[in-house]
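This report refers to the structure that appears directly beneath it.
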Amino acid sequence: MALSSVTELSDAMLILGLVGSPAGGKSSAAEFLASLGAEWINADLIARDCLGRPDVVSALTARFGDSILNSDGTIDRAALADLVFGNDQVKRDNLAYLESLVHPLTRQEIQRRIVEAADRGRRVALLDAPLLFESGWDRSCDQIWCVDATRENRLHRCKKRGWDAAELDRREANQMPIETKCRLSNLIMRNDATLDALHQNLRLRWQDLVRMIPAADAPLAAESAPPERHCSSDRGTIS
């Protein structure tokens, strides 16, 4: 299914894109939105599952050797990361090869889950994808929300994940700059207070979002224009 076809799945379901800065609170936001009723489609977890496919493992070991394998034959993600993340040309070529294997499979699975969510009558499909803009998924979203926090707060959260400042910088370098993500999003949500404050803001915006969704059995006026997809001029910021 093409990306353009995904946008026509259901008049009664919205696709909400979610982006953010590393350790900015995107996963916390996604988890809470899922508790409110969104169908959470986590692109990172899907890509991780695709990385475990036998055909992908075989292709990667053919290129990089058995040193990227754990003792049980699965991919050692840390070892693979060392080979694909960096500024030199060899690592960039390695990353391009990895993406050529994983991205098409991830895209197919995301499409399948969006279709499944629409078929089950879900009101919102939440597309949680760090590379939402880079992969073109933004064109399928009705709205895009960006969750961000100060570097100081993100560094504090990184410690709980075992990351240092260098690891945070490395992950940021492999994504679109957060300033660009904010500019392209409909809503910028600051996450510099408590988790409860984040949840309160998300609940308010969720209520606004679901009001946009027509009832499944409501007749559409013949003269009504189709709903517009997201645009960079329709933005707001919540702190």
Side-chain angles (χ1 to χ4, degrees), residues 1-7 15-24 26-27 30 40-70 72-116 125-141 144 146-147 158 161 163 166-185 230:
M1 177 179 290
L3 280 175
S4 58
S5 302
V6 170
T7 65
I15 299 178
L16 172 62
L18 189 65
V19 297
S21 52
K26 178 173 63 67
S27 295
W40 185 5
I41 301 172
N42 189 323
D44 266 352
L45 291 183
I46 292 172
R48 189 178 303 180
D49 288 343
C50 292
L51 195 62
R53 287 177 45 138
D55 54 335
V56 173
V57 172
S58 177
L60 290 175
T61 53
R63 182 180 178 98
F64 300 120
D66 292 343
S67 62
I68 62 168
L69 295 179
N70 293 308
D72 61 359
T74 60
I75 295 293
D76 182 336
R77 296 171 62 239
L80 181 61
D82 287 339
L83 294 172
V84 302
F85 292 134
N87 293 322
D88 62 87
Q89 188 60 49
V90 172
K91 289 189 176 182
R92 286 196 292 266
D93 290 344
N94 287 344
L95 179 61
Y97 179 74
L98 173 65
E99 290 176 343
S100 73
L101 295 175
V102 175
H103 282 189
L105 298 172
T106 302
R107 183 179 299 274
Q108 291 171 12
E109 179 61 15
I110 289 173
Q111 291 171 339
R112 187 192 70 79
R113 295 194 188 188
I114 291 174
V115 171
E116 183 181 74
L126 176 64
L127 182 50
D128 174 4
L131 302 180
L132 186 90
F133 296 109
E134 296 92 328
S135 60
W137 276 110
D138 59 304
R139 297 193 299 271
S140 295
C141 295
I144 296 176
C146 182
V147 183
C158 281
R161 305 184 183 188
W163 301 356
E167 178 64 16
L168 178 62
D169 291 341
R170 188 187 74 152
R171 289 173 182 266
E172 287 181 332
N174 286 295
Q175 296 184 18
M176 177 182 289
I178 187 60
E179 295 81 6
T180 305
K181 292 182 183 181
C182 289
R183 178 173 56 82
L184 296 175
S185 298
H230 84 93

Taking the side chain as everything from C-beta on, heavy atoms only, tell me whether Tyr97 gets closer than 4.5 Å to Leu60. yes
Quick check for you: to the nearest 0.5 Å, what is the distance between Asn94 atom CG and Leu83 atom CG? 6.0 Å
When every non-hydrogen atom of Val147 is compared with those of Gly24, the smallest separation belongs to CG1-O, 3.6 Å
Nearest 0.5 angstrom please: Ile110 CD1 to Ile46 CD1, how far? 5.0 Å
Using side-chain heavy atoms (C-beta onward) and a distance below 4.5 Å, is Val19 in contact with Met176? no
How close do Cys146 and Ile178 get, heavy atom to heavy atom, and via which atoms? SG-CD1, 3.6 Å
Shortest non-hydrogen contact between Gln175 and Lys181, atoms and distance: OE1-NZ, 2.6 Å
CG/Leu184 to CD/Glu179 distance, rounded to the nearest 0.5 angstrom? 11.5 Å
Would you mind reporting whether Trp137 and Ile15 have side-chain heavy atoms less than 4.5 Å apart? no
Closest heavy-atom contact between Ile41 and Ala125? CD1-CB, 4.3 Å
Is a donor on one side and an acceptor on the other found under 3.5 Å between the side chain of Lys91 and the backbone of Ala81? no
Salt-bridged, Glu167 to Arg171, with N to O below 4.0 Å? yes
Between Ala79 and Ser67, the two heavy atoms sitting closest are CB-O, 4.0 Å
Minimum heavy-atom distance Trp40-Ser27, with the two atoms named: CH2-O, 4.1 Å
Residues forming a side chain to side chain contact (heavy atoms under 4.5 Å, CB included) with Val102, sequence neighbours excluded: Ala47, Cys50, Leu51, Val56, Leu98, Thr106
Phe133 versus Thr180: any side-chain heavy-atom pair under 4.5 Å? no
Working to the nearest 0.5 Å, report the span between CD1 of Ile75 and CD1 of Ile68. 4.0 Å
Side-chain touch Leu16/Leu127, heavy atoms, less than 4.5 angstrom: no
Please answer whether the main-chain N or O of Asp72 pairs with a side-chain N or O of Asn70 as donor and acceptor at a distance below 3.5 Å. no
Asp44 and Asp128, any side-chain heavy atoms less than 4.5 Å apart: no
More than 12 heavy atoms of other residues, nucleotides or ligands under 6.0 Å from CG of Asp88: yes or no? yes
Are side-chain heavy atoms of Leu126 and Leu18 found at a separation under 4.5 Å? yes
Under 4.5 Å between any side-chain heavy atoms of Arg107 and Ser135, yes or no? yes
For Asp169, side-chain hydrogen bond (donor to acceptor under 3.5 Å, both in side chains) partners two or more places apart: Arg151
Crowded around Arg77 CZ? As in, over 12 foreign heavy atoms under 6.0 Å? no
